[in-house]
Asks: 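One structure, pasted below without further comment.
Keep in mind that this is a model prediction, so the values were computed, not measured. Order of the sequence lines sets the chain letters (A, B, ...), proteins ahead of strands, with each chain counted from 1.
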2 protein chains.
Amino acid sequence: MADLTLEDIAKQAGVSRSTVSRVVNNHPNVSDKVRKRVLEVIESTGYHPNIAARTLASQRSMMIGLVVPRSVSSFFTDPYLPHLTQGIAKRCNQHNYTLGLFLVGTKEDEEKILPRVSRSGLFDGVLVQAGHRGDQVIDRLVQSTIPLVMVGRPFNPEGISYIDVDNIEGAFKAVDHLIQLGYQRIGTITGITKSTVGVDRLEGYRKALTERGRVVDDTLVEEGVFTEEGGYHAMQRLLPAKPDAIFAASDIMAVGAIRAAQEADLRIPDDIAFVGFDDIPLANHRYPKLTTIRQPVYQFGFSAVETLIDLIENGKEPTRHVMMGTELIIRDTCGASRRK
Amino acid sequence: MADLTLEDIAKQAGVSRSTVSRVVNNHPNVSDKVRKRVLEVIESTGYHPNIAARTLASQRSMMIGLVVPRSVSSFFTDPYLPHLTQGIAKRCNQHNYTLGLFLVGTKEDEEKILPRVSRSGLFDGVLVQAGHRGDQVIDRLVQSTIPLVMVGRPFNPEGISYIDVDNIEGAFKAVDHLIQLGYQRIGTITGITKSTVGVDRLEGYRKALTERGRVVDDTLVEEGVFTEEGGYHAMQRLLPAKPDAIFAASDIMAVGAIRAAQEADLRIPDDIAFVGFDDIPLANHRYPKLTTIRQPVYQFGFSAVETLIDLIENGKEPTRHVMMGTELIIRDTCGASRRK
DNA sequence: AAAATTTGTGGGAGCGCTCTCAATAATCAG
DNA sequence: CTGATTATTGAGAGCGCTCCCACAAATTTT
């Protein structure tokens, strides 16, 4: 069954290997009669071309790799990556590409994964999730010659194609919303500023305050890692500065921050308001419901795959940059309904 | 760089292609002198073997596929699968296997994925997450000749290797814990009973009650899908029966159930106690903290990969069944500390 | 009606590797 | 020191496919 070859099909259909190949690959210049006959044989035998042979002969594997660098540690604590992966897998399948998954956990993983991804010829291209500044995996992958698209903007984007969400604009919307609601001491829990996401969302925060004539008070800015604990601890550090509203750079951090606020007996949103970023399912499944900035993660995956395939099939120049928009989702934690 | 071949290395090292192949594959019977020389050339050129060619010649791809069927819809709402995937990816890498990811979303996905996984020769084996009874993907994959390991017990396990967590025992522990704490009206929110997980956890619930001389009251049993909403709605249906404790078949459902209880102004654990299943990170990051049954998801992934590789390398007979244990994690929602 | 073009089909040379087998070199026993 | 054994190396035949080229058949042009 699995060991049928083109030759076998050719023999059964009474044609040559070449003709069967043409039929399988939908090439023109095959008469309808022959095509039909070959198709019937293929159908009845359950033949499926051997991918390794095809890859070797055509120098195209129809496989792309998704590499998640070591500095992206939150593969399963934050739904972002699973969601993204799902979008990527979906689109790959639609384009008949197979997806290889590489989660880099350790230095050893890195040493094994890198050559396999970039020099084994197994992958036509690679998608890399952006991580921290100076992450080895990213740098080394970028230096290789394999077509590559980054998911998230790298610090040094020269010559690199990437897709990104407009984090500055998203953060701006979140903070501006809080300003419009009349909050006076708006703090922020930034993500790791070793990542462009962290940097950009902080910049959006700053920009909103500045454009509305506010002064940025550094005692209201705390950095955290992108996890629940990160938000929790950052909030604890922020509490003495008595903020009346917080923009957290991710929903997961917002959840942690809210926990810290609740433990300090603050009511939400009466004593302190929150806006997150991401719109993870949990945001709508907790009490009180989280006001947040929605980013189109699934479409992000789609777009990444499209961009990469375009790169693979139409050459690496010029580099492509895709920027996606965000949306403010107003729920309970910002206190909008109360202040109306 | 990527287009170096064995032949090139052989020429540079002044030996034959065969010898270089032996060195690359760590075969014995190569003199130290020659091996060293070849290794140096490989090192200095950055040569990496072409995987497609190797696969074609050796009939082994060193790739395994992970297939998540359509009936497992919760790829990103529940951290279970991401966590499992991480364990699988880790172990694959340690064994120098590459992981292909297939998330089946639609019927069309299924038609494309199945032949590619089972008949293209690209994969040496496949891991399949268990889903609902009668899921086409599972049935069809099982019928193919490719080495296969199910993650989670299938309904019809004859001739199928699988690994599973002891769900009956886990549920038993959870419910027995509630019984020991003196709760009288212990209800359960079962998962979908079209899955063995759902069935087994319900059985553990029944077994615990029966063994402790209790009667199973069907008005205290509600089925839900394995999501937050599933738990929420099931809890709403359960409320009129006035349970004083609930065993939810997953943490995510427990979270939803707690939300429903809180909306009904019940205090936890004073008015109603909860025990979940899974021990997802959130269980420890919410207030009150969730008492739950921990299953070793990461090790689950490890074990699945080990079992599959064993199958690939040592033949398909006999079928392997691996059962993993669980652990009761006592936190706040069961009221244990209060009742001490 | 012959020549030129346009299909449609088959043959053959790889793609880069593995693996068996034969050949040679090195080692050993008697 | 010779014949036998063993360690080391090379040659060659594929693995199953693609793709270029040549040829034959059908169609069009002059």
Side-chain angles (χ1 to χ4, degrees), chain A residues 1-39 41-42 45-63 96 98 115-116 119-124, chain B residues 1-39 41-42 45-63 96 98 115-116 119-124:
Chain A
M1 187 175 191
D3 37 17
L4 279 169
T5 72
L6 263 194
E7 203 81 48
D8 299 328
I9 305 300
K11 208 164 289 168
Q12 285 195 44
V15 294
S16 75
R17 198 179 60 242
S18 308
T19 301
V20 180
S21 173
R22 281 184 200 103
V23 172
V24 169
N25 295 293
N26 257 309
H27 282 302
N29 295 343
V30 179
S31 69
D32 288 349
K33 196 178 56 198
V34 172
R35 166 166 274 129
K36 186 159 164 290
R37 181 149 39 95
V38 172
L39 246 20
V41 176
I42 289 175
T45 53
Y47 166 79
H48 193 273
N50 180 299
I51 303 221
R54 171 180 280 182
T55 300
L56 183 58
S58 69
Q59 304 291 54
R60 290 271 269 101
S61 68
M62 296 300 282
M63 292 188 64
N96 295 311
T98 297
R116 219 183 307 161
R119 290 201 267 102
S120 69
L122 229 206
F123 294 94
D124 290 339
Chain B
M1 185 175 194
D3 38 15
L4 279 169
T5 73
L6 262 195
E7 203 81 48
D8 298 329
I9 305 300
K11 209 164 289 168
Q12 285 195 45
V15 295
S16 75
R17 197 178 60 242
S18 308
T19 301
V20 180
S21 173
R22 283 186 197 99
V23 172
V24 170
N25 294 294
N26 256 310
H27 282 302
N29 296 341
V30 178
S31 69
D32 288 350
K33 196 178 57 198
V34 171
R35 166 166 273 127
K36 186 159 164 291
R37 182 150 37 95
V38 172
L39 246 19
V41 175
I42 289 176
T45 54
Y47 167 78
H48 192 273
N50 179 298
I51 303 222
R54 171 180 280 183
T55 300
L56 182 58
S58 68
Q59 303 290 53
R60 291 271 270 102
S61 68
M62 297 298 283
M63 293 189 63
N96 294 313
T98 296
R116 221 185 304 164
R119 291 199 268 101
S120 69
L122 228 206
F123 294 94
D124 290 339

Asks: In whole angstrom, what separates A/Glu7's CD from C/dG10's C1'?
Replies: 11 Å
Asks: Would you mind reading off the distance between B/Asn50 atom CG and D/dC17 atom P, rounded to a whole angstrom?
Replies: 17 Å
Asks: Could you state the atom-to-atom distance from NZ of A/Lys33 to P of C/dG8 in whole Å?
Replies: 11 Å
Asks: Between A/Asp8 and A/Tyr47, is any pair of side-chain heavy atoms under 4.5 Å apart?
Replies: no
Asks: Under 4.0 Å between a side-chain N/O of A/Tyr47 and OP1 or OP2 of D/dC17, yes or no?
Replies: yes
Asks: Measure distances between side-chain N and O atoms of A/Arg17 and base N and O atoms of D/dT18, and say whether any donor-acceptor pair falls under 3.5 Å.
Replies: yes
Asks: Pick the closest DNA chain D nucleotide for B/Ala53 and for B/Val34 by heavy atoms, then say which residue is nearer the 5' end.
Replies: B/Val34
Asks: Is any N or O donor-acceptor pair between the side chain of A/Arg35 and the base of C/dG8 shorter than 3.5 Å?
Replies: no
Asks: What closest approach, in Å, do B/Val20 and B/Ala10 show between heavy atoms, and which atom pair accounts for it?
Replies: CG2-CA, 3.6 Å
Asks: Is the phosphate of D/dC17 approached by A/Gln59 (side-chain N or O, under 4.0 Å from OP1 or OP2)?
Replies: no
Asks: Could you check how far CZ of B/Arg22 sits from C1' of D/dT9, rounded to whole Å?
Replies: 6 Å
Asks: Side-chain N or O of A/Thr19 versus OP1/OP2 of C/dT9: is the shortest distance under 4.0 Å?
Replies: no
Asks: Regarding A/Pro49, tell me which of base, sugar-phosphate or nothing describes its non-hydrogen contacts under 4.0 Å with the strands shown.
Replies: sugar-phosphate
Asks: Would you call B/Arg54 and B/Asn25 a side-chain contact if the rule is heavy atoms closer than 4.5 Å?
Replies: yes
Asks: Base, sugar-phosphate, or nothing: which does A/Ser18 touch, judged by heavy atoms less than 4.0 Å apart?
Replies: base
Asks: D/dG14 C1' sits how many Å from B/Arg54 CZ, rounded?
Replies: 18 Å
Asks: Output the rounded distance in Å from NE2 (B/His48) to P (C/dC17).
Replies: 11 Å
Asks: Report the distance from atom CZ of B/Arg60 to atom P of C/dC19, rounded to the nearest whole Å.
Replies: 10 Å
Asks: Rounded to whole Å, please give me the gap between CG in B/Leu56 and C1' in C/dC15.
Replies: 9 Å
Asks: Could you check if a side-chain atom of A/Arg119 sits within less than 4.5 angstrom of a side-chain atom of B/Leu4, using non-hydrogen atoms only?
Replies: no
Asks: Students often get this wrong, so: under 4.0 angstrom with heavy atoms, is B/Asn29 touching a base, only sugar-phosphate, or nothing?
Replies: base
Asks: Classify the nucleic acid contact of A/Ser31 as base, sugar-phosphate or nothing, counting any heavy atom under 4.0 Å across all strands shown.
Replies: sugar-phosphate
Asks: When you check the phosphate oxygens OP1 and OP2 of C/dT9, does a side-chain N or O of A/Ser16 lie under 4.0 Å from one of them?
Replies: no
Asks: Among A/Val38, A/Thr45, A/Ile42, which residue satisfies the side chain to side chain contact (heavy atoms under 4.5 Å, CB included) criterion with A/Gln12?
Replies: A/Thr45
